[in-house]
Amino acid sequence: MSESVPHSSSSAPTESLQGVVERLTYYSEESGYTVARLKAPRTSELVTIVGSFASIQAGQTLHLEGTWRDHPKYGQQFQVVRYRETKPATLTGIEKYLGSGLIKGVGPVTARRIVAHFGLETLDIIEHQIERLSEVPGIAQKRVQMIQAAWAAQKAIKEVMLFLQGHGVSTTFAVKIYKQYGDAAIETVTRNPYQLAADVYGIGFVTADAIARNLGIHPGSEYRYRSGILHVLSEAAEEGHCFLRQPDLVERVVKRLALNDHQPDPAELTALITQMALDGELVVQSEGDRPEDLICYSPPFYGAEFKLAERLSLLLSEPLAVDLARVQRWIDRFVAKTGMMLSEQQRQAVEMAAQSRVLVLTGGPGTGKTFCTRTIVALWKAMGKTIALASPTGRAAQRLSEMTRQEASTVHRLLEFDPATFKFKRDSDNPIPAQAVVIDEASMLDLFLANSLVKAIALDAQLLLVGDVDQLPSVGPGNVLADLIQSGQVPVVRLTEVFRQAQTSQIVINAHRINQGHYPKLEPVSNQPQSDCLWLAAPQPQDGVQAIRDLIEALIPSLGFDPIQDVQVLCPMIRGEMGTRNLNQVLQQILNPPQIGKPELVRGGTTLRVGDRVIQQVNDYNREVFNGDVGTVSAIDLTEQEVTVQFADRLVVYDAADLNEIALAWAVTIHKAQGSEYPAVILPIYMQHYLLLSRNLIYTGLTRAKRLAILMGPQKAIGLAVRQMKDQQRQTLLAERLRANAVLGGGLG
């Protein structure tokens, strides 16, 4: 992970700087990020220093290592990489240091008295004979004890920082570690550096492992093995798995932990997995007598899957009495009044929604999910039910609100997250105050969000899950929508008929062709296209970069689209010439180039400018922004090192330490685009993506486009994507648990 502060060029030489801190311009208690002014020897001008500090006060004498950089607005600054505090050498320096507020109980007046009494020996006296402070007029014994405690605290911070920096820990991480453990930091890191991966955000197994090696921890340490096992399960969760079978887990851990001078013993790891299960660090279940029948969960994953199945089974077991004939008469009146016909499948969905506790409504583009949902909501209103509508993302919630003409929110807001407790306020004891709940884009629900949602549905309420099961599964672990359908325990209506008005769109027609395994009918790009679904050959990735530039600068504006507002580039992957990382740099230069007087902030290799489209990369419950939310940078404050992003109707402020939460979003992965629609989509498909190419990937990407889709790349790559049914089977047991509960008569096992 890169430092959470602006970086200078990596080629700039590291230099040393020493001086006295004159004043703090900015200091973040949470992250330690600091902008300060330093008085260096033999210079009349104050120097601006920026970096992360565990504790910093005016008056401190610091020895700094770092690099110089020229800031476009604030001029020359010294970017601190590491630092240590040194003792001030002059009476004035000592007096200023003591009176800076660094030590509770010592202000400028008291500092003057102490220095007047002890002179240049002052700091040695405080360090070794602090009880002698009572010799100073006006300092009572109680004040001496207060000063002693404050001095010890400052000394502890310095010792921790020196220890951590001496073992290769960056200043930013050292600050986080100290804030997590306080005076126990050295003991904790020395005993088990792998604890950092569990406790400190931003420090994963890889960083903890590097610190451990620096400390001389043996690569065969049980701490390393335990942390490695949990890390591999975490990596598997990023692939969508809720668990791993034991032989697969052991094989992955052996590969992950192998070093040139160390090869983990599979038998030792197998025994340790058993011990971790006894210790409660893992949940291991058996489906049979063979080793491959043992399945290994991290406890939160097991708990979420078990409880989700349990709660769904409870909901499904609650009978619902409905006068079906009355519902059918209402449908007839609704159709007559609106003049909109319902297909047989849609009518079946509305009737089932009236009488089902839980219903899944699925179907591809153009099959009428929107109108069907709107009709179900109208029916529930007519039945006098209170209704709540939500979707996993802000954009999808906004669309749901527009189509039902009723307020909709994100699922997180519906569940009312409480930052104080880091939990949702809505649960089984305090359910959502609605008799019917509609969740759109339900294919995006991962295991944990689905569990939190279903837990908060009252047992006498109804739940409608609407989504396209043929899209990519959720970014997070699990395959909830597909599992519910596969279980055979949840009522499902699948809409398959494409309505006449949708048949005029080649986007819709091609989406269904792809879903059936047929190559899409694509019109070559021209200045006057007759189709809304185009193809641009650009056979090599380097051709593709230039082709995207040409499309953005020429064709797309000529077709009436605003390149900044209307166009989204969707990529299968992050890396490579046609990955999001490279294309974001290219697109930023085209759509939002640097301008004189326009502030920008550099973090790692990324430059952020006002007007940049950005995407949230993690769930941030405190700021109420979630993985996949897209916004626009509306302000950059270089003094405070803050970036303000406009998300829909909200402004969210990030300080420098948290900028790793957002990334440029001129190009995003297809996975991240789920739940969103764009007027125009550019979809590069190349053989360099072959590991990720699959039918549901290209299907999901194409169906994000509303009015124009341009597929790019060789026909071979597009054909490969269409042929490959490569949704790697996600390791989940939700469907099996639901079936088992049904066999037990709604039991909870």
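We count residues from 1, following the sequence as given.
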Query raised in the report: Does any N or O in the side chain of S134 come within less than 3.5 Å of the main-chain N or O of E131, such that one atom is a donor and the other an acceptor?
Result: yes
Requested in this report: Verify the neighbour count for atom NZ of K39: are there more than 12 heavy atoms of other residues, nucleotides or ligands below 6.0 Å?
Outcome: yes
Requested in this report: State the CG-CD distance between D620 and E661, to the nearest 0.5 angstrom.
Outcome: 4.0 Å
**Report entry** Point-to-point distance, once rounded to the nearest 0.5 Å, from CG of D279 to CG of L272
**Finding:** 8.5 Å
Query raised in the report: Judged by atom type as modelled, is there a donor-acceptor pair below 3.5 Å linking the side chain of S227 to the main-chain atoms of R224?
Result: no
Report task. Could you tell me the separation between the CD1 atom of I273 and the CD1 atom of I229, rounded to the nearest 0.5 Å? Result -> 4.5 Å
Report task. Considering non-hydrogen atoms only, spot the tightest contact between E95 and A111 and give its length. Result -> O-CB, 3.6 Å
Query raised in the report: Looking at side-chain heavy atoms only, is the closest gap between V614 and T632 below 4.5 Å?
Result: no
Report task. For Q617, check side chain to side chain donor-acceptor pair (under 3.5 Å) against everything at least two apart and list the hits. Result -> none
Report task. Would you kindly say whether T110 and R143 are connected by a side-chain donor-acceptor distance under 3.5 Å? Result -> yes
Requested in this report: Name the orientation class of the two ring planes belonging to H262 and Y225 (parallel below 30°, tilted from 30 to 60°, perpendicular beyond 60°).
Outcome: tilted
Query raised in the report: Are any side-chain N or O atoms of R132 and backbone N or O atoms of I126, one a donor and one an acceptor, separated by less than 3.5 Å?
Result: no
Query raised in the report: What are the two closest non-hydrogen atoms of K598 and V610, and how far apart are they?
Result: CE-O, 3.0 Å
Query raised in the report: Has the side chain of T188 got a donor or acceptor atom that lies under 3.5 Å from a matching backbone atom of A184?
Result: yes
Report task. Could you label the plane-to-plane angle of the F626 and H412 rings as parallel, tilted or perpendicular, counting under 30° as parallel and over 60° as perpendicular? Result -> parallel
Query raised in the report: What do the steps show when you test R252 against E239 for salt bridge (charged side-chain N to carboxylate O under 4.0 Å, His left out), and what is the final call?
Result: CA-CA 13 Å; R252 289 183 184 219; E239 299 169 23; 3.1 Å; yes
Query raised in the report: Within the distance-only criterion (no hydrogens, no angle test), does the side chain of Q616 pair as donor or acceptor with the backbone N or O of V618 below 3.5 angstrom?
Result: yes
Query raised in the report: Below 4.0 angstrom, N of the basic side chain to O of the carboxylate: do R256 and E235 qualify?
Result: yes
Query raised in the report: Hey, which of T25, I49, V21, V47 is the one that makes side-chain contact (heavy atoms from CB on, under 4.5 Å) with R37?
Result: T25
Query - Which atom of V283 lies closest to which atom of P299, heavy atoms considered - result: CG2-CA, 4.0 Å
Query - Under 3.5 Å donor-acceptor, D612 side chain and R609 backbone - result: yes
Query - R82 and E65 ion-paired at < 4.0 Å - result: yes
Query - V475 side chain near D446 side chain, heavy-atom distance below 4.5 Å - result: no
Requested in this report: I would like to know whether Y302 and F243 meet ring pair (Phe, Tyr, Trp, His ring centres under 6.0 Å); could you show each step before the answer?
Outcome: CA-CA 8 Å; Y302 173 80; F243 64 83; over 10 Å; no
Query raised in the report: With side chains defined as the heavy atoms from C-beta onward, is the minimum distance between V189 and I211 less than 4.5 Å?
Result: yes
Report summary line: Minimal heavy-atom distance between L651 and S634, with the atoms involved, is CD2-OG, 3.6 Å
Report task. Could you please spell out the steps behind the side chain to side chain contact (heavy atoms under 4.5 Å, CB included) verdict for F53 and V80? Result -> CA-CA 9 Å; F53 293 79; V80 180; 4.1 Å; yes
Query raised in the report: Between atom CG of L38 and atom CD of Q60, what is the distance when rounded to the nearest 0.5 Å?
Result: 10.5 Å
Query raised in the report: Please walk me through it: do L257 and D209 pass side chain to side chain contact (heavy atoms under 4.5 Å, CB included)?
Result: CA-CA 10 Å; L257 299 188; D209 202 31; 5.6 Å; no
Requested in this report: Take T393 and T410 through the test side chain to side chain contact (heavy atoms under 4.5 Å, CB included) and record every step on the way to the result.
Outcome: CA-CA 6 Å; T393 68; T410 62; 6.0 Å; no
Query raised in the report: According to the interplanar angle, ranging from 0 to 90°, do the rings of F301 and F448 count as parallel (below 30°), tilted (30 to 60°) or perpendicular (above 60°)?
Result: perpendicular
Report summary line: d(H117 NE2, E135 CD) to nearest 0.5 Å is 4.5 Å
Requested in this report: Examine distances only and state if a side-chain atom of Q588 and a backbone atom of T607 form a donor-acceptor pair shorter than 3.5 Å.
Outcome: yes
Query raised in the report: Mind checking what makes side chain to side chain donor-acceptor pair (under 3.5 Å) contact with E121, not counting sequence neighbours?
Result: none
Requested in this report: Identify the heavy atoms of L601 and L659 that sit nearest to each other, and give their distance.
Outcome: CD2-CD1, 3.4 Å
Query raised in the report: How far does CZ of F647 sit from CD1 of I615, to the nearest 0.5 angstrom?
Result: 9.0 Å
Query - Salt bridge R69-E15, side-chain N to carboxylate O under 4.0 Å - result: no
Query raised in the report: Can you name the nearest heavy-atom pair linking G204 to A197, along with the distance?
Result: C-CB, 3.8 Å
Report task. Report the C-alpha separation of W68 and Q77 in whole Å, then their side-chain angles, then the decisive distance to 0.1 Å, and conclude whether the side chain to side chain contact (heavy atoms under 4.5 Å, CB included) test is met. Result -> CA-CA 6 Å; W68 290 100; Q77 297 179 341; over 6 Å; no
Query raised in the report: Quick check: does any side chain N or O of R650 sit under 3.5 Å from a backbone N or O of R623, one acting as donor and the other as acceptor?
Result: yes
**Report entry** Atom CD1 of I574: over 12 foreign heavy atoms under 6.0 Å
**Finding:** no
Query raised in the report: Side chain of S234, backbone of L230: donor and acceptor closer than 3.5 Å?
Result: no
Only pairs under 3.5 Å count here: list side-chain donor-acceptor contacts from residues 415-422, not counting sequence neighbours, and write none if there are none.
{"unit_1": "E416", "atom_1": "OE2", "unit_2": "R426", "atom_2": "NE", "d": "3.1"}
{"unit_1": "E416", "atom_1": "OE2", "unit_2": "R426", "atom_2": "NH2", "d": "3.2"}
{"unit_1": "D418", "atom_1": "OD1", "unit_2": "A420", "atom_2": "N", "d": "3.1"}
{"unit_1": "D418", "atom_1": "OD2", "unit_2": "T421", "atom_2": "OG1", "d": "3.4"}
{"unit_1": "T421", "atom_1": "OG1", "unit_2": "K423", "atom_2": "N", "d": "3.4"}

Query raised in the report: Sub-3.5 Å donor-acceptor pair from the side chain of N584 to the main-chain atoms of L664, do we have one?
Result: yes
